[in-house]
Trainee: 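I'd like to ask you about the structure that follows.
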Amino acid sequence: MASITHFLIMFLAMMIACAAAEFGQLKETSMTLYFQDQYGGHNASVLQILPTSDGHLGFTKFGAIFCTDDLITQGFNVDSPAVARGQGVYITSAMDGSNTHVLVSIVFNDGEYKGSTLEVQGSSAQFERVREVAVVGGTGKFRFARGYATLETVHIELAAQLAVIQCNITVLHY
């Protein structure tokens, strides 16, 4: 019996040591990205799942569901180097239209984090200047990520149907 107990203790110690060696030290990463939110036109990156009868996006209509695939750039301008896509859904979840529930994957397809993702989720008060949502996970270089992201609409170009959303992210990861 003692040998089985001894074996289990050694096995558990090895598992803990291997887990610590695999993940290493916890890191903090902060970055600023820009979502190029094309909400209309032939290159629209936001689509309302059940469009309104007048063809306009119903951002404040309770229950409205949107699918998004935004270009994400390093800088403010749409011509800045593209580093990721913002792919996911958001749903107008407040009866008065003031909040959306955001579920977005930031899928890095170029640069230092190519092949990695960050998962962003939470309630976003869409009429606030700055909104905060949680980073609830990640893959690749952001394995086991947790943190937060702030979203701020820094530019709207009505004629081009383009909004630029600055996203400041701070995450802890291995």
Side-chain angles (χ1 to χ4, degrees), residues 15-49 57 59 65-93 99-157 160-174:
M15 293 298 292
I16 292 170
C18 288
E22 181 180 342
F23 295 119
Q25 293 285 50
L26 194 61
K27 301 175 203 127
E28 180 177 313
T29 298
S30 295
M31 67 182 84
T32 299
L33 302 170
Y34 294 86
F35 285 67
Q36 305 292 331
D37 195 40
Q38 190 72 50
Y39 58 87
H42 67 281
N43 288 325
S45 61
V46 177
L47 173 68
Q48 187 167 349
I49 301 304
L57 297 177
F59 290 111
I65 302 171
F66 301 87
C67 188
T68 186
D69 184 10
D70 285 345
L71 175 67
I72 299 177
T73 58
Q74 284 180 344
F76 173 84
N77 292 322
V78 73
D79 296 331
S80 296
V83 294
R85 302 293 301 191
Q87 299 172 331
V89 297
Y90 50 96
I91 303 162
T92 304
S93 54
N99 284 331
T100 58
H101 190 78
V102 176
L103 298 160
V104 173
S105 297
I106 298 173
V107 181
F108 291 91
N109 50 27
D110 203 3
E112 180 181 357
Y113 305 117
K114 183 177 182 175
S116 301
T117 66
L118 284 170
E119 302 303 318
V120 176
Q121 175 180 324
S123 183
S124 175
Q126 60 179 339
F127 301 119
E128 295 294 321
R129 187 177 68 79
V130 178
R131 290 94 54 205
E132 185 174 315
V133 292
V135 176
V136 298
T139 64
K141 292 189 177 184
F142 296 114
R143 188 170 291 146
F144 290 111
R146 64 183 185 273
Y148 68 96
T150 60
L151 305 168
E152 180 179 2
T153 304
V154 293
H155 179 74
I156 296 177
E157 195 173 319
Q161 297 179 308
L162 173 70
V164 179
I165 301 163
Q166 180 177 306
C167 179
N168 296 307
I169 302 170
T170 300
V171 292
L172 298 173
H173 59 96
Y174 288 99

Trainee: What do the steps show when you test H173 against R143 for side chain to side chain contact (heavy atoms under 4.5 Å, CB included), and what is the final call?
Mentor: CA-CA 6 Å; H173 59 96; R143 188 170 291 146; over 6 Å; no
Trainee: Main chain of Q74, side chain of S80: is a donor-acceptor contact present, judged purely on distance under 3.5 Å?
Mentor: no
Trainee: I need the I91 CD1 to F66 CZ distance, nearest 0.5 Å.
Mentor: 10.5 Å
Trainee: Under the criterion side-chain hydrogen bond (donor to acceptor under 3.5 Å, both in side chains), which of E119, Q87, Q121 is the partner of S105?
Mentor: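 Of all the options given, the one that passes is E119.
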Trainee: Is there a donor in the side chain of Q36 and an acceptor in the side chain of D70, or the other way round, less than 3.5 Å apart?
Mentor: no
Trainee: At what distance, to the nearest 0.5 angstrom, does OG of S30 lie from OH of Y148?
Mentor: 6.5 Å
Trainee: Side chain to side chain contact (heavy atoms under 4.5 Å, CB included) for E152 and T150? Distances and angles first, verdict last.
Mentor: CA-CA 7 Å; E152 180 179 2; T150 60; over 6 Å; no
Trainee: Please report the closest heavy-atom contact between A163 and T153, naming both atoms and the distance.
Mentor: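 The pair with the smallest heavy-atom distance is CB-CG2, 4.4 Å.
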Trainee: Does D69 offer a backbone N or O that forms a donor-acceptor pair with the side chain of R85 under 3.5 Å?
Mentor: yes
Trainee: Dump the intermediate steps for side chain to side chain contact (heavy atoms under 4.5 Å, CB included) on N77 and Y34, then the final yes or no.
Mentor: CA-CA 8 Å; N77 292 322; Y34 294 86; over 6 Å; no
Trainee: Enter the distance from K27:NZ to L172:CG here, rounded to the nearest 0.5 Å.
Mentor: 11.5 Å
Trainee: Assess the side chains of S93 and N99: does a donor N or O sit below 3.5 Å from an acceptor N or O?
Mentor: no
Trainee: Where do Y39 and V46 come nearest, in terms of heavy atoms and distance?
Mentor: CA-CB, 4.3 Å
Trainee: Show, in sequence, the C-alpha distance, side-chain angles and deciding distance for I106 and F35, and conclude whether the side chain to side chain contact (heavy atoms under 4.5 Å, CB included) test is met.
Mentor: CA-CA 10 Å; I106 298 173; F35 285 67; 4.1 Å; yes
Trainee: Can you tell me if S116 uses its side chain to pair, donor with acceptor, with the backbone of K141 under 3.5 Å?
Mentor: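 Such a contact is found between S116 side chain and K141 backbone.
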Trainee: Grab the two heavy atoms, one from V89 and one from V104, that are nearest each other, plus how far apart they are.
Mentor: O-CG2, 4.4 Å
Trainee: How far does CG of D37 sit from CG of L162, to the nearest 0.5 angstrom?
Mentor: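 It comes to 7.5 Å.
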Trainee: Between atom OG1 of T29 and atom OH of Y113, what is the distance when rounded to the nearest 0.5 Å?
Mentor: 4.5 Å
Trainee: Show the nearest heavy-atom pair for residues C167 and L151, with the distance to one decimal.
Mentor: SG-CD2, 3.7 Å
Trainee: When you measure from the side chain of Q166 to the backbone N and O of V154, does any donor-acceptor pair fall under 3.5 Å?
Mentor: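 No, because the side chain of Q166 does not come within donor-acceptor range (under 3.5 Å) of the backbone of V154.
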Trainee: Measuring from I72:CD1 to D110:CG, what's the distance to the nearest 0.5 Å?
Mentor: 12.5 Å
Trainee: Can you name the closest pair of heavy atoms from I169 and A149 and give their distance?
Mentor: CG1-CB, 4.0 Å
Trainee: Are any side-chain N or O atoms of T100 and backbone N or O atoms of V102, one a donor and one an acceptor, separated by less than 3.5 Å?
Mentor: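 No.
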Trainee: To check you understand the geometry: which heavy-atom pair defines the closest contact between S124 and V133, and what is its length?
Mentor: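 S124 and V133 have their closest heavy atoms at CB-CG1, 4.3 Å.
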Trainee: Do the side chain of T92 and the main chain of F59 share a donor and acceptor less than 3.5 angstrom apart?
Mentor: yes
